[in-house]
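In what follows, a single structure is set out as structure tokens and then discussed.
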Amino acid sequence: MKKLLMLMFILVPFFELSAQQRTIAGKITDQSGNPLSGATVTLKGSDLATTTDSSGAFHVNLNNTGKNILIISYLGFIPQEITVNNQSSLAIQLKQGLNSLDSVIVVGYGSLRKKDVTAATSTIKAEEIVKRPLTTVEQALQGTAAGVTVQSNSGQPGNALSVRIRGANSITGSNEPLYVIDGFVGGNVSSISVNDIESMEILKDAAATAVYGSRGSNGVVIITTKTGKAGKTKIDFNPWFSKAQIPKKLNLMNAYDFARALNAQNAAQNTSPAFTDAQIEAFKQNPGTDWQKEITQEPWIQNYQLSVSGGAPNVNYLFSFNYLDQPGLILNQYYKKAILHANVNFKINSKVDVKMYVNTLLPKNRNTGYAGDITDPFAQAFQWDPTSPVRDSTGAYILKSKYGSNAINPVAQANNQFDDNSGTYINGTGVLNWHITKDLTFTTNNTYDVNWNYGQNLRGPQTADGLIGNDYAQNTASRAWSFQNSNFLTYNHKFGYHSITATALYEQRKYEAMNVTARSVNLSTYALGYYNLGLGTTQKTTSGYSADALQSFMGRVVYSYKDKYLLTAAVRSDGSSHLTDKYSTFPSISAGWNIAKEDFLFSSNVVSDLKLRASWGITGNQAVPAYASIAKINTGTQGPNGTLGYYYDGGTLSIATSLGSPVSSSLKWEENTETNFGVDAAFFKGRLTFTADAYRKKITNLLYNYQAAYYLGGGSYIRNMGSLENKGLEFALGGTPVSAGKFSWTANFTLSFNRNKVLDLGGLDSVVLSNVGSAQSNNSILVVGKSLGNFYGYQYLGTWKSDEAAQAAQYGMNPGNSKYTDVNGDHKYTPDDYMVIGNGTPKYSWGFISDFRYDNITLSFMLQGTQGNQIYSGTFPYTFGGQGDARNATNSDILNVWTPQNQTDIPTFQSSSNNSIHSSRYVYNASYMKLRNLSLSYRFPQSMMSKVKITNLEVYVSGQNLFCITKYPGYDPEVTNANYGAYPALSQGLETGVIPNPRTYTFGLRTTF
């Protein structure tokens, strides 16, 4: 890392040698005097260009001889040409009025003017991204683009967020979008810093994503990173610091209430009291242990971003370094990463230019893999009884308690469990453009990336595994690499009123991965941690290997007549090593009508842009791992701790293999056929913008894991079955409602509706699913005619009341016991009485961003929410006791338990009461509205900063997740176990002990030298 940083600063003077000598400074503002950040300043007749900083200031090098004319441009404003004579500084004011459709956006294997785009897309610019202290790229998508739902499934540091573009499209495969980073298809978004992003283009419909064929079904996010600009060297330093805390605690009993409730439980079950009256009286003075407080912490998060950029007429460069140190909310948990980014562009001659991108990611984390399970330390914290201390009088952990949970002390588990991971990820991309003629360009994009990971795990004697004799140490090493080669010709020609852009592509990709794991059990000492596996009584070594390849051909034609009538057609053919039917074709076609170009609207003072769009296309989804179409041989897992082999004679362990599960005779792509209709509009010279889209997607050949017959080898195998539908509406409204003097108000609102429905399950009416964690199994169901994410269980009707004693007796129950819907009328509560009891899919999601600016002060806030979704909680059943290791209730609601004098709907402690976890009793409304960000910033005047050689200095304070309005009584309505299950699209809304998203308070600087 030190060598790379030294190289960064050694290269800077080299590039400066070729810079021009004369420099002029300036500031660009709008008509109200507000600075325009990101405006482009170009020296006419040359490649020399730069952009303004956040204060609207710029510096540009000029020719010592000849006429110097600067071209000033900014999206939504009329460009200006300024002739520079002997001035040393310029004050430039731009007027609004530029047609917003003249901007250029990246669309995949090229770029188009927005006016020529006939597909459904959204754009997020750097100016919006920098408003919040973000740690992941996915956070930048949250609440900022219509049709995009971003869910933070867990508050653990470093965890990726779940991103859905227009709903879920696969029941077994990933539903995450495809990320394209500087032309690298399938890039790792963790490898780039959010601060290095120039723009993100979100491709939503099949007409936009079909150019990515079999990988475009879930939508595509194209990320373009920042580049250096011609001019003097610019140094940006942006640090921020956050204080994090758990946003909410469950309402649990203190020691006094717990002791009284436990005695009441024992009385109901005819056993002796657990606590004497004297002990209970003493608990009035000693509230006991707050396990939620003991297991959590309030850490400081640090983030530093440093970049150096600049250039000359034929070369520009940007080098950046990012470092994040993010401890978790849970003890002994953290995520750290360092990112090095380099972007260098060369113009070799008038025909050839070269771009080079290098990203290096160095991550390190500890205990960030808690999937959300009832055995996790965080989940155990709300099950342990408050009468038990964390440690005894000698300072040793009290590992077990007589009451509450029967599992290990959660604080001991958290502090003695070590799941440490570190890695090195290096990605290099080289792009060469050969401008063969004025109209024809050849581009070759080549990317090589390699990823090394090393995992070290330790479960010593004072962990759950250690208590039952399964303590171990384990090391895992893995390496993966991939190579992508994309070659395409682009023909762009205008003749008369006609304009045509044609693209022809050949692309290939190869991937290879391997790993080895060594595990040692029952070490003689754990003083050396996981560093000496030879100390164990039993060692086991396993290894793995995987490889795949993809080959593709693509053609696309974009046609425009008078900039009014637009047509785009594309077709891609993909061949994959994953499937039996290797090749498939993905066509698309779209059309648009720029109505604002028609004579009857051309001179309108109200409507400045108006375009209608329609599209149709097919995309695919592999949704299966490598070798899914090839029959495999298994190695048995017999003996203690999964030692490989088989006991042929009942006593001697021998290495053995067996036939694996069968495979499908024909595996095909999942195919997504989508139709989209949309409108883009702008009013009052671009001051107000509006976009609306309506779509319908039908996904066929769904891939699903079928249970194989035991005589065929058992297990499960993947096959095509059934179909699924997604349809929805999207709206985006934005603009600057107020701009007067030094004050301006900018706002953006997005609203997205999505409905999905299972159309066919290969002849089945329904499929019950085993989901996530030890607590939640068979809690979801796929039903033909219903949406994904259905919860499955008993319909809870409350408790049997005293006047229902005779009816309760028919079920073997008493008044005060749980009462459910008896679906089949057999007077028994069995799984035959399970029914659909809720759904975890939101009916709609929305986001609202607002910025108020007065002079150098800016106040920004962001609200985001969902409506109509529910949570099937696996947390709350365990707080009422009687489930798994939870022997006794800890929830304060138990103080309102049913009694003959107080006949509530909280069932009694009687053993006859069937307090099932599979019940609508634990289904809650999870709709929410969150204040995602509230920020107040101050930019110091340029006149003050220039005296100390600082181009820009801005300070800000902000808060994230400051409040959440919801009816859900748990920690966080947003979190879910879904991403950790085998079927994330189906198990959304299931939650068991998931760590909530933190509330944070942030202070930061944005500095430019």
Side-chain angles (χ1 to χ4, degrees), residues 40 42 44 47 71 73 75-76 78-79 97-123 183 199 201 203 205-211 222 224 350-351 353 433-443 488-505 554-572 587-604 607-617 676-682 686 689 691:
T40 301
T42 306
K44 190 173 183 178
D47 295 317
I71 301 173
S73 61
L75 180 61
I78 300 172
L98 177 64
N99 189 315
S100 65
L101 297 182
D102 283 334
S103 59
V104 176
I105 65 173
V106 181
V107 293
Y109 306 106
S111 59
L112 293 173
R113 296 177 304 172
K114 190 174 181 181
K115 68 171 65 174
D116 294 332
V117 175
T118 52
T121 66
S122 294
T123 302
S199 68
E201 309 291 346
L203 312 185
D205 69 349
T209 62
V211 294
I222 301 178
T224 303
S350 60
K351 293 286 188 179
D353 57 77
N433 294 306
W434 175 25
H435 306 283
I436 303 172
T437 68
K438 177 184 176 182
D439 298 329
L440 183 64
T441 301
F442 170 74
T443 301
F488 55 97
L489 286 166
T490 304
Y491 178 74
N492 194 327
H493 184 65
K494 294 182 180 180
F495 50 101
Y497 293 122
H498 307 273
S499 173
I500 186 170
T501 301
T503 305
L505 165 82
M554 187 274 289
R556 177 178 63 201
V557 176
V558 180
Y559 171 75
S560 171
Y561 177 68
K562 288 187 174 182
D563 286 341
K564 295 181 186 180
Y565 313 113
L566 315 168
L567 183 67
T568 301
V571 61
R572 176 162 175 147
S588 69
I589 187 168
S590 58
W593 178 22
N594 276 328
I595 305 176
K597 293 289 185 178
E598 300 291 352
D599 293 340
F600 59 86
L601 273 181
F602 190 74
S603 301
S604 173
V607 180
S608 45
D609 295 330
L610 182 60
K611 180 171 67 174
L612 300 182
R613 297 177 279 102
S615 68
W616 173 91
N676 188 93
F677 297 94
V679 58
D680 300 317
T689 61
T691 298

Can you confirm whether [X] sits close enough to [Y] that some side-chain heavy atom of one is under 4.5 Å from a side-chain heavy atom of the other?
X	Y	answer
F600	I595	yes
L567	T118	no
H435	D353	yes
E201	V107	no
D680	D609	no

Quick check: does any side chain N or O of [X] sit under 3.5 Å from a backbone N or O of [Y], one acting as donor and the other as acceptor?
X	Y	value
K351	I436	yes
T568	S590	no
R572	V211	yes

message: What's the separation between atom CG in N594 and atom OH in Y565, rounded to the nearest 0.5 Å?
response: 10.0 Å
Between [X] and [Y], which heavy-atom pair has the shortest distance, and what is it?
X	Y	answer
A682	G686	CB-CA, 4.3 Å
K597	D563	CG-O, 3.8 Å
S608	A596	O-CB, 3.9 Å
A120	A208	O-CB, 4.3 Å

Neighbour count >12 (heavy atoms, 6.0 Å) for atom CZ, F495: yes
- request: Taking atom CH2 of W434 as the centre, report whether more than 12 heavy atoms of other residues, nucleotides or ligands fall under 6.0 Å from it.
  value: no
field: Test applied, side chain to side chain contact (heavy atoms under 4.5 Å, CB included); reference residue, L112; option that passes from V558, V106, T121, N492
entry: V558
- prompt: So F488 and Y109, would you call those rings parallel, tilted or perpendicular, with 30° and 60° as cut-offs?
  reply: perpendicular
- request: Apply side-chain contact (heavy atoms from CB on, under 4.5 Å) to the pair T437 and H493, showing each step before the final yes or no.
  value: CA-CA 11 Å; T437 68; H493 184 65; over 6 Å; no
query: So, S560 and S499: side-chain donor and acceptor under 3.5 Å apart, yes or no?
result: no
- prompt: Yes or no on side-chain contact (heavy atoms from CB on, under 4.5 Å) for K564 and Y497, after CA distance, side-chain angles and deciding distance?
  reply: CA-CA 10 Å; K564 295 181 186 180; Y497 293 122; over 6 Å; no
message: For R556 and T501: C-alpha separation, side-chain torsions, deciding distance, then whether side-chain contact (heavy atoms from CB on, under 4.5 Å) applies.
response: CA-CA 8 Å; R556 177 178 63 201; T501 301; over 6 Å; no
